[in-house]
Amino acid sequence: MEKVPVRQIIITGNWKMYKTVDEATQFVQDLIPQLTESQIKIYLAVPFTAIYPTCEIAKNSQITIGAQNMNEADEGAFTGEIAGRMLKNAGAQFVILGHSERRTYFNETNQKINLKIKRALLDNLQPTLCIGETIQQRNSGETEAILEQQIQECLEGVALDDVKKIVLAYEPIWAIGTGKIAKPDDVQKTHHFCRELIAKKWNKEIADHLTIQYGGSVHPDNAADLLKQEDIDGLLIGGASLSVESFVKIIKLTINKLVNIHK
Ligand code: PGA
């Protein structure tokens with residue numbers, strides 16, 4: 001049997017518009033002593049205001065701090081926006097781009113996300129690219145076509161060496177924050193489809209090493225079944241990442257995946 005390629009497992013907490021500086025720093029302080037397995041990467045996408053202070057606390061830990069969005073320009077007169085190099089200088093190492101809440105509420109298109117991805121890479125921030133279909137698209141059998149278009153357009157013109165740095169997060173929009181869970185088998189098929197697509201459009205080596213996370217109503221009681229799937233290399237967690245207790249529960253379940261891979 002072919003050996004399973006080792007991909008970096010990443011568990012990301014996406015805090016959205018939650019947590020003050022005090023709450024964020026307290027969370028990181030409480031989380032650090034509970035992390036026991038250093039092969040799993042723990043990412044926290046915190047609000048902009050919490051980047052610098054949480055980085056200070058997370059310095060010598062396995063926690064990587066990142067942002068949830070950025071502007072595609074280097075700098076400029078864009079009131080209220082934030083540049084990648086500002087995030088980087090504050091200590092961020094990654095940035096979530098193309099989250100469905102950005103697409104839905106802030107009209108972000110694949111073309112805009114593509115510009116943001118290129119800018120993030122120039123600023124040495126690792127992009128986590130979110131893709132996913134609506135319930136209508138799913139019901140009309142368009143899921144794969146939509147994901148293909150999102151991957152193609154969001155990564156248009158990104159150099160081969162840079163595609164390697166990206167984390168892909170499949171988040172069916174109908175599963176985000178709704179408590180509706182996609183079936184692990186279905187998610188596996190979709191992740192496999194995305195991996196094959198990356199192999200076809202770029203190459204197999206990149207595809208084999210690409211971390212593909214699943215996101216959408218992940219909780220301690222459904223994480224294990226998702227993590228059992230071969231092509232699910234991590235999770236992007238919203239609501240359940242806001243409490244140390246549930247976040248740590250999910251991290252502990254992820255350790256089993258690591259054990260199975262190395263069997
Ligand atoms: P949820 O959010 O876990 O609360 O569904 C996931 C996300 O938006 O990334």
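As the structure is a prediction and not an experimental result, all values here were calculated from the model. Every number for a ligand or one of its atoms is a count from 1 in the order of the listing.
- Taking a cutoff of 4.0 Å between a charged side-chain nitrogen and a carboxylate oxygen, Lys88 and Asp123 do not qualify as a salt bridge.
- In the vicinity of Gly216, heavy-atom distances shorter than 4.0 Å reach the ligand 1 atoms 5 (O).
- Within the set Gly215, Gly238, Gly177, the minimum heavy-atom distance to atom 5 (O) of ligand 1 is found for Gly177.
- Hydrophobic clustering (side-chain heavy atoms under 4.5 Å, transitive across Ile, Leu, Val, Met, Phe, Trp, Tyr) keeps Val46 apart from Ile96.
- For ligand 1, the atoms closer than 4.0 angstrom to any heavy atom of His99 are 7 (C), 8 (O), 9 (O).
- Proximity of Leu210 to Arg195: side-chain heavy atoms (C-beta onward) are separated by under 4.5 Å at one or more points.
- Residue contact check: Lys16 has heavy atoms under 4.0 Å from atoms 2 (O), 7 (C), 8 (O) of ligand 1.
- The protein heavy-atom contact nearest to atom 4 (O) of ligand 1 is Gly239 N, 2.9 Å.
- Judged as a salt bridge (charged side-chain N to carboxylate O under 4.0 Å, His left out), and not counting sequence neighbours, the contacts of Arg102 are Glu108.
- Ligand 1 is never approached by Ala240 to a heavy-atom distance shorter than 4.0 Å.
- For the pair Glu171 and ligand 1, the shortest N or O to N or O distance falls below 3.5 Å.
- Heavy-atom contacts of Leu236 reach the following atoms of ligand 1: 9 (O) (cutoff under 4.0 Å).
- Electrostatic pairing of Arg138 and Glu133 counts as a salt bridge here, judged by a charged N lying under 4.0 Å from a carboxylate O.
- The closest side-chain heavy-atom distance from Ile42 to Thr64 is not below 4.5 Å.
- Here side-chain hydrogen bond (donor to acceptor under 3.5 Å, both in side chains) pairs that include residues 148-160, with residues two or more places apart or in two chains, are Asn110-Glu153, Gln111-Glu153, Glu148-Lys201, Gln149-Glu153, Gln152-Glu156, Gln152-Lys201.
- For Asn14, every heavy-atom contact with ligand 1 shorter than 4.0 Å involves the side chain, none the backbone.
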